[in-house]
Engineer: 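Before anything else, here's the structure in question.
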Amino acid sequence: MNTLLDKLNPEQKKAVTTTHGPLMIIAGAGSGKTRVITYRIAYLIHRNLCSPEQILALTFTNKAAQEMRERIESLLGEGSTRGLWIGTFHSNFARLLRNHASKIDFDSNFSIYDADDSKKIIKEVMAELGLATDLISPNAVHSMISQAKNKFVLPARFAETASDFVSEKVSEVYLKYDEVLRKNNAMDFDDLLIKPIQLFNYHPDVLNAYQERFQFLMIDEYQDTNRAQYVVSKQMAARHQNICVVGDDAQSIYSWRGADITNILGFRKDYPSATVCRLQQNYRSTRTILQVANAVIRNNKNQLEKTIFTENEVGDPVVLFESQDERREAEKVALTIRDLKLSRGMGNDQFAVFYRTNAQSRALEDALRYHGLAYQVFGSVSFYKRKEIKDIVAYLRFIVNQLDEESLFRILNVPTRGIGDVSIKKIKAIAEEGHRSAFEIISQPLQHDISPRLISALNDFRFLIEHLQDMSSKESAYEVVAELLRKTRMLELLKEENTTEANTRYDNLQEFLSLARDFSDHNPEDNSLSAFLQNVSLSTDQDNVDENESKVTLMTVHSAKGLEFPVVFVTGLEEKLFPLNPEDSSELEEERRLFYVALTRAEKKLYLSYAKNRYRFGQLLVSIKSRFLDELDESVVVTESGVKLWEKREKETERSRYDYSSYQDEAQPSVFSKSWRSKPKTAKPKSKPVVNANDAMDDGLRIGMKVQHKLFGTGKILALQGSGDARKAKVFFERVGEKTLVLKFANLLPL
DNA sequence: CTCATTAACGTTTTT
DNA sequence: CGTTAATGAG
């Protein structure tokens, strides 16, 4: 351990050995943050400053937590982290809440609902309240409620502050939604953060016990914590004041889900005695990569002043790809990976391809597949969001938590057993009328007006559930899942279907089964169904990386946070994609931080890429390269062919000047041919007509016609007026609304 | 009640 | 474009 401490630089050492009192570690990208956290925990345990169960470490992902635990064990030996609470806010507090659920009127086996479950309930509630979804979308309502919860605004206070019609309605939905959750003995993700606060407020003894117990509190990625997380960590740390937060304001990328950057910026106001460590030496990236990243982030006004430096080698220049469309962009990425594998003997797992939105993965997947490169996509259609998985999870939830009727009704007819919508409605109605639970009705169907056919189906279902419930109290999660699959014949049914889709589902169920097996094998102390279920509810597919085969990583920049790769491609660097919302200046800085995060993931080689055209909503749209590309340090960026960017830029400006004049000479007269400016047509063909040549004599534009504009996107012509140079069109654009354009400059493309 | 076809909808980003 | 929810025929 002592020799290991020697491997830290002075500032890292200070961060590790400053054990008592508030501590803020500002950890620049690649500055060995994970190492510092793991060493700090190891140091606390090794020096006997506390026992592992007196430490609470909160991370951003389960994967990060798991890695840290492993690293500590490799430092201190197997079993050394026993009792240590390390995990996400969500999983740690879910665990805490299970221990005290009855104090806040929940059952300890409460279900955890994900965003989809929440949205479904919100939709139902809105229907019940007679709220038209075209006025406010369920999505919007969900995000408003979630935002409120993130800020620890409960329904009562939300109602007080609701001033307009919409927020009044949302407040009704909010109240009702929470009632539904409670009725189902379920919590959503946000509840896992705010229920502990309520628990602590109403039961100071519970808070007290945890304050005593957790002498040391560590929070990673503090820049991305929200109000609720802030409050609860402050509560927990109040007694010992040994709170250590680690973060980097330059990497704050979750404000959209309520993350509050002032938590980290204001840490010293909350804890005036706080020690501050700044980790500014980067051990990850080449000097070139860092130079580019620093140049970009410098454009943000709101940031703590700091400079990240490195003693690493200069490395290769950053390469910028320009492609015609996203398919060719993907092709370039795939070919580059293939070449690097051949020329440098690199493995698939050394490459990562990033994008702004999940939808962009498709073209990349196609290209990688075409070139026989194994890849793994994170996010997108998450494993846990697939129908078959959600169905099986719903079964498990209901087995564990009989109050969870949302899950019950999801699976009552899965696989189809003759209990259709009509029957389900009937059961719901009977239950509601008699103030009984739906499962009670299902269990005693004879007492109600139910057809014999349905009774038999309900009995089958009931016996199945009771059998599995019985099992779940004795056997491991794996056994229960296996039995569930056997009894429902889900696997056989899919095999019989034998379509490609059924086969994928079959594979997914098998995969789920092996997840259950892994869990049961690796958690001998508690491999119960309910433990497994909690694990499942809070995992993302990031947590289940296939490490057996070397694969190229495809993910959004958001999921890339905290990771690093030898070779990184950042794709889709176009306006309105990355940054996604260039008009919104408040979001722009966050987009830039996101770009910064992307850049700083790269260790050796960095490729940036944009396409001039891109299909979106099934339509080919013209793209403009991202403004962020103008912020690069151009002295170290080259094009595909190896030309330095600043050299190319000089040529380009010359050429574009020439192009502009030639446009005036040729294209314009051809468009406005009646104009006195008309000059004889030259024979010289233009490779890239600015205006559709077919429209030469007539501008081809008509009222009602759909047109495309470079900046504004697609729109419909509302009116045309004037002639010649003064000819104008009033166009309604889908994205930006009504605009009046001078046709001479607008370059409208008829569709 | 089930399955198939059709219409509508949507893209941020995730625990 | 691709996916999911809603509708109608069997």
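Small disclaimer: the values here were computed from a predicted structure and weren't measured. Naming convention: chains lettered A, B, ... in sequence-line order (proteins, then strands); numbering from 1 in each chain. Heavy atoms only: backbone and side chains are in, while hydrogens, waters and symmetry mates are out.
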Engineer: Give the rounded distance in Å between these two atoms: NZ of A:K149 and P of B:dT15.
Structural biologist: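 Distance, rounded to whole Å: 18 Å.
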
Engineer: Assign A:D190 to base, sugar-phosphate, or nothing according to its heavy-atom contacts below 4.0 angstrom with the strands shown.
Structural biologist: nothing

Engineer: A:S91 near the nucleic acid: base, sugar-phosphate alone, or nothing, with a heavy-atom cut-off under 4.0 Å?
Structural biologist: nothing

Engineer: What nucleotide, of B:dT12, B:dC1, B:dT2, holds the atom closest to the side chain of A:S423?
Structural biologist: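 Of B:dT12, B:dC1, B:dT2, B:dC1 is nearest to the side chain of A:S423.
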
Engineer: What's A:F189 touching, base or sugar-phosphate or nothing? Going by heavy atoms closer than 4.0 Å.
Structural biologist: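 Base contact - A:F189 has a heavy atom under 4.0 Å of at least one base atom.
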
Engineer: Using the aromatic ring of A:W256 (for Trp, its six-membered ring), decide whether it stacks on the base of B:dT13 within the limits of 5.5 Å and 30°.
Structural biologist: yes

Engineer: Take atom NE2 of A:H558 and atom C1' of B:dT11, then tell me their distance rounded to the nearest Å.
Structural biologist: 13 Å

Engineer: Got a donor-acceptor contact below 3.5 angstrom from the A:R69 side chain to the A:L84 backbone?
Structural biologist: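 Such a contact is found between A:R69 side chain and A:L84 backbone.
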
Engineer: Counting only N and O atoms by type, is there a donor-acceptor contact under 3.5 Å from the side chain of A:E574 to the main-chain atoms of A:A611?
Structural biologist: yes

Engineer: With sequence neighbours left out, write down each residue that passes salt bridge (Lys or Arg N to Asp or Glu O under 4.0 Å) with A:E329, or none if nothing qualifies.
Structural biologist: A:R614

Engineer: Check whether any side-chain N or O of A:R616 sits under 4.0 Å from OP1 or OP2 of C:dG2, and answer yes or no.
Structural biologist: no

Engineer: Select from A:I419 and A:F617 the residue whose nearest nucleotide in DNA chain B is closer to the 5' end of that strand.
Structural biologist: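 The residue whose closest nucleotide sits nearer the 5' end is A:I419.
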
Engineer: Under 4.0 Å: is that the gap between some side-chain N or O of A:N139 and OP1 or OP2 of B:dT11?
Structural biologist: yes

Engineer: So A:N581, base contact, sugar-phosphate only, or nothing? Heavy-atom distance under 4.0 Å.
Structural biologist: nothing

Engineer: To the nearest Å, give me how far apart CZ (A:R356) and P (B:dT12) are.
Structural biologist: 9 Å

Engineer: Taking atom C1' of B:dT14 as reference, at what distance in whole Å does atom CZ of A:F383 sit?
Structural biologist: 18 Å

Engineer: In a check of side-chain contact (heavy atoms from CB on, under 4.5 Å) between A:F152 and each of A:I197, A:N226, A:D190, A:L193, which one passes?
Structural biologist: A:I197

Engineer: What nucleotide among B:dT12, C:dT4, B:dT15 has an atom nearest to a side-chain atom of A:T61?
Structural biologist: B:dT15

Engineer: Would you indicate which nucleotide in B:dT15, B:dT11, B:dT2 comes nearest to any side-chain atom of A:T416?
Structural biologist: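 Shortest atom-to-atom distance from the side chain points to B:dT2.
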
Engineer: Using a 4.0 Å heavy-atom cut-off across all strands, classify A:T88 as base, sugar-phosphate, or nothing.
Structural biologist: sugar-phosphate

Engineer: Regarding A:F89, tell me which of base, sugar-phosphate or nothing describes its non-hydrogen contacts under 4.0 Å with the strands shown.
Structural biologist: nothing

Engineer: With heavy atoms under 4.0 Å as the rule, sort A:E587 into base, sugar-phosphate or nothing.
Structural biologist: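 Answer is base: heavy atoms of A:E587 come under 4.0 Å of a base.
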
Engineer: Side chain of A:N413: nearest nucleotide among B:dT2, B:dT14, C:dA5?
Structural biologist: B:dT2

Engineer: In whole angstroms, how far is the C1' atom of B:dT15 from the CE atom of A:M187?
Structural biologist: 15 Å

Engineer: Not counting sequence neighbours, which residues clear ring pair (Phe, Tyr, Trp, His ring centres under 6.0 Å) with A:H142? List them please.
Structural biologist: none

Engineer: Against the six-membered ring of A:F409, is A:K428 placed for a cation-pi contact (under 6.0 Å from the centre, within 45° of the normal)?
Structural biologist: yes

Engineer: Which residue lies toward the 5' end of DNA chain B, A:A115 or A:E591, if each is placed at its nearest nucleotide?
Structural biologist: A:E591

Engineer: Which nucleotide wins on minimum distance to the side chain of A:K387, given the candidates C:dT4, B:dT2, B:dT14?
Structural biologist: C:dT4

Engineer: Is the phosphate of B:dT13 approached by A:N358 (side-chain N or O, under 4.0 Å from OP1 or OP2)?
Structural biologist: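 For B:dT13, OP1 or OP2 has a side-chain N or O of A:N358 closer than 4.0 Å.
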
Engineer: Which part of the nucleic acid does A:V422 contact within heavy-atom distance under 4.0 Å: base, sugar-phosphate only, or nothing?
Structural biologist: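 Sugar-phosphate only.
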
